[in-house]
Amino acid sequence: MAQNYYQKEIETMPAEEMKKLQSEKLVKQVKHVYENVEYYRNLMDEKGVKPEDITGIEDLHKLPFLSKADLRDAYPYGLLAKPLSECVRIHSTSGTTGRRVVAFYTQHDVDLWEDCCARAIVAAGCDNEDVCQVAYGYGLFTGGAGLHGGSHKVGSLTLPMSSGNTERQIQFMMDLKATLLCCTPSYAAYIGESLKEQGYKPEDIPLKAGIFGAEPWTDEMRHNIEETLGIKAYDIYGLTETSGPGVAFECCEQTGMHINEDHFYAEIIDPETGEVLPEGSKGELVFTALDKEAFPLLRYRTRDICVLSREKCSCGRTLVKMAKPMGRTDDMLIIRGVNVFPSQIEAVLLKEGYEPNYQIVVDRVSNNDTFEVNVEMTPEKFTDKVSDILAMEKSLANAMKIMLGINPSVHLVAPKSIARSEGKAVRVVDKRKLI
Ligand code: ADP
Ligand code: ZN
């Protein structure tokens with residue numbers, strides 16, 4: 001297959017050249033931030049670092065970290081590095097972890113972000129012949145705006161659907177022959193389920209690819225979506241603080257996401273000590289925006305846990321790759337002292353032939369954690385025989401015990417009884433109030 005790139009020179013740049021480019025950008029960026037952002041200047045002064053100390057990427061570790069707490073402290077304008085007269089847009093996080101962050105963009109920032117999304121769309125095999133259905137939420141959330149802008153840059157016919165109204169999504173998809181679907185994986189699964197219910201087979205659906213991200217999803221869920229929709233499903237990663245989706249994207253090899261490292265430099269650190277870890281180690285992902293103007297975060301701690309790799313990729317891109325994030329440090333539940341990520345539960349469910357429709361409920365009763373997983377029965381597995389249901393619950397609980405090391409109490413619930421998500425799914429209800 002001929003390889004297509006949106007910005008070939010950057011996407012296939014030799015590592016040494018990339019490092020040089022990153023170093024030049026970093027030196028300029030640190031100066032820009034030091035001069036214009038009092039909040040970060042204070043952090044640098046406290047650490048005794050001056051802009052002159054940063055002569056290239058190898059000096060990056062000298063800079064202080066920024067965390068979500070800093071963003072909250074500095075809300076709303078404290079980290080702004082350009083006058084508001086030069087800013088053209090804001091976006092805000094979806095507030096998954098309860099705290100909103102507001103990010104600012106100049107026109108240059110919007111452009112570079114849309115370029116990143118365009119790289120993702122081209123890597124998913126699409127071009128100006130394609131019809132791109134954007135079913136991420138529009139508005140403050142970055143998903144809709146990012147993929148919408150990327151689709152325009154590529155020249156695809158853009159269907160700005162936003163999320164929700166699934167009937168209309170399906171009608172437009174069919175009538176206008178959408179070939180690319182962009183939304184959260186949980187919404188893609190829901191659209192797939194609705195199409196199936198309406199009697200559509202994968203071969204009836206015009207889609208050929210999907211770009212899904214903004215929340216963790218497993219490979220099992222990917223296969224499930226690919227089968228129902230008859231497509232190839234590509235992962236995309238990003239966060240509002242660094243622009244939005246498109247910070248990293250998947251290519252045809254699908255063994256991790258290429259980071260757009262000409263704009264976003266990635267480090268992996270030990271979340272406990274802050275020490276930078278060597279390539280291949282698992283740890284917290286930290287990003288430095290190398291040329292964003294209005295909201296140029298330096299060494300921003302994402303709290304996402306993953307691994308970086310510079311192994312050669314068959315797509316020809318030289319951009320460093322990040323593994324699928326295994327969850328955030330704050331997504332991780334500690335139940336009876338054991339670390340549990342919702343993605344582990346999802347993997348078990350899909351392996352055992354269930355759909356990814358589940359909710360984890362954690363509570364604390366007389367100082368003991370209770371751990372329940374409600375799972376929807378699938379129409380194929382449906383039975384009303386109590387002994388069969390009990391046996392199925394037991395077998396699922398066993399499979400989870402093997403994966404997690406602790407025993408959940410599994411409840412099979414009626415199909416469709418767990419609320420579907422049109423944006424990011426709510427997988428965990430933690431009633432323990434541990435703070
Ligand atoms: P919020 O923090 O409110 O969810 P965002 O909408 O900016 O704000 O979400 C960014 C976060 O979403 C990332 O830090 C990451 O945890 C998660 N995320 C985004 N894309 C992916 C992906 N492809 N796989 C796993 N997690 C993702
Ligand atoms: Zn690749």
Side-chain angles (χ1 to χ4, degrees), residues 1 3-5 11-12 67-68 71-72 91-103 113 116-117 119-120 122-125 136-137 139-147 163 182-186 188 210-219 221-222 233-261 264 266 284-287 295 297 300-306 309-332 341-343 346 421 423-427:
M1 190 177 106
Q3 295 296 351
N4 276 323
Y5 310 100
E11 293 176 57
T12 61
S67 66
K68 204 144 188 165
L71 267 60
R72 216 171 45 239
H91 281 287
S92 173
T93 60
S94 48
T96 310
T97 50
R99 313 162 200 122
R100 283 198 178 268
V101 164
V102 177
W113 172 32
C116 289
C117 291
R119 289 181 196 174
V122 173
Y136 278 111
L140 284 172
F141 179 52
T142 53
L147 271 306
S163 60
C182 305
C183 60
T184 58
S186 47
I211 299 184
F212 307 129
E215 64 181 355
W217 53 311
T218 55
D219 264 334
M221 182 147 168
R222 185 212 298 269
Y234 296 84
D235 204 353
I236 189 167
Y237 169 91
L239 56 166
T240 312
E241 297 90 317
T242 56
S243 288
V247 169
F249 63 95
E250 229 173 19
C251 63
C252 53
E253 198 182 276
Q254 297 189 312
T255 52
M257 292 177 269
H258 288 288
I259 297 177
N260 283 313
E261 58 175 332
F264 306 104
E284 181 179 349
L285 189 56
V286 173
F287 279 114
F295 200 64
L297 303 185
Y300 180 65
R301 294 184 60 157
T302 63
R303 295 163 309 153
D304 290 325
I305 301 294
C306 85
S309 153
R310 281 208 177 268
E311 261 175 49
K312 200 165 180 305
C313 189
S314 61
C315 77
R317 288 180 184 77
T318 47
L319 302 170
V320 67
K321 282 206 276 198
M322 61 182 268
K324 206 177 240 317
M326 296 154 195
R328 305 188 198 190
T329 45
D330 51 8
D331 252 2
M332 188 181 76
F341 285 102
S343 57
E346 185 177 299
S421 158
K424 299 194 191 207
V426 181
R427 303 293 194 198

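The shown structure was predicted, so the numbers you read here are calculated from the model rather than taken from an experiment. First listed ligand is number 1; within each ligand, the first listed atom is number 1.
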Just do the side-chain contact (heavy atoms from CB on, under 4.5 Å) check on Gln254 and Asp219 with the steps written out, would you?
-> CA-CA 10 Å; Gln254 297 189 312; Asp219 264 334; over 6 Å; no
For the pair Tyr300 and Glu241, evaluate side-chain hydrogen bond (donor to acceptor under 3.5 Å, both in side chains) and give the outcome as yes or no after the intermediate values.
-> CA-CA 8 Å; Tyr300 180 65; Glu241 297 90 317; 2.7 Å; yes
Apply side-chain contact (heavy atoms from CB on, under 4.5 Å) to Phe212 and Cys183, showing your working.
-> CA-CA 5 Å; Phe212 307 129; Cys183 60; 3.8 Å; yes
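Note: an N/O pair closer than 3.5 Å links Ile236 and ligand 1 by distance alone. The shortest N/O to N/O separation between Gly213 and ligand 1 does not fall below 3.5 Å. Note: no N/O pair closer than 3.5 Å links Trp217 and ligand 1 by distance alone.
Centred on the Zn ion (ligand 2), the angle running from Cys251 (SG) to Cys313 (SG) is recorded as 110°, rounding to 10°.
Of the options Ser243, Ala214, Cys306, Pro325, the smallest heavy-atom separation from atom 18 (N) of ligand 1 is shown by Ala214. Looking at Asp304, Thr242, Leu140 and measuring to atom 14 (O) of ligand 1, the nearest heavy atom belongs to Asp304. Looking at Lys324, Glu215, Lys424, it is Lys424 that brings a heavy atom closest to atom 12 (O) of ligand 1.
The Lys68 neighbourhood of ligand 1 comprises atoms 2 (O), with distances under 4.0 Å to a heavy atom of that residue. Residue-ligand proximity, Asp235 to ligand 1, at heavy-atom distances under 4.0 Å covers atoms 22 (C), 23 (N). For ligand 1, the atoms closer than 4.0 angstrom to any heavy atom of Phe141 are 6 (O). Within ligand 1, the atoms closer than 4.0 Å to a non-hydrogen atom of Thr240 are 5 (P), 6 (O), 7 (O), numbered from 1 in the order shown.
Contact check for Arg427 versus Pro216: no side-chain heavy atoms found under the 4.5 Å cut-off. Under the 4.5 Å side-chain criterion, counting only non-hydrogen atoms from C-beta, Lys324 is in contact with Trp217. Considering only heavy atoms from C-beta on, Glu250 stays 4.5 Å or farther from Tyr237 through its side chain.
Under a 4.0 Å N-O distance rule, the pair Glu311/Lys321 does not qualify as a salt bridge.
A tilted orientation is assigned to the rings of Phe249 and His258, their planes being inclined by 30° to 60°.
Within the structure, the closest approach of Phe212 to ligand 1 does not fall below 4.0 Å when heavy atoms are considered.
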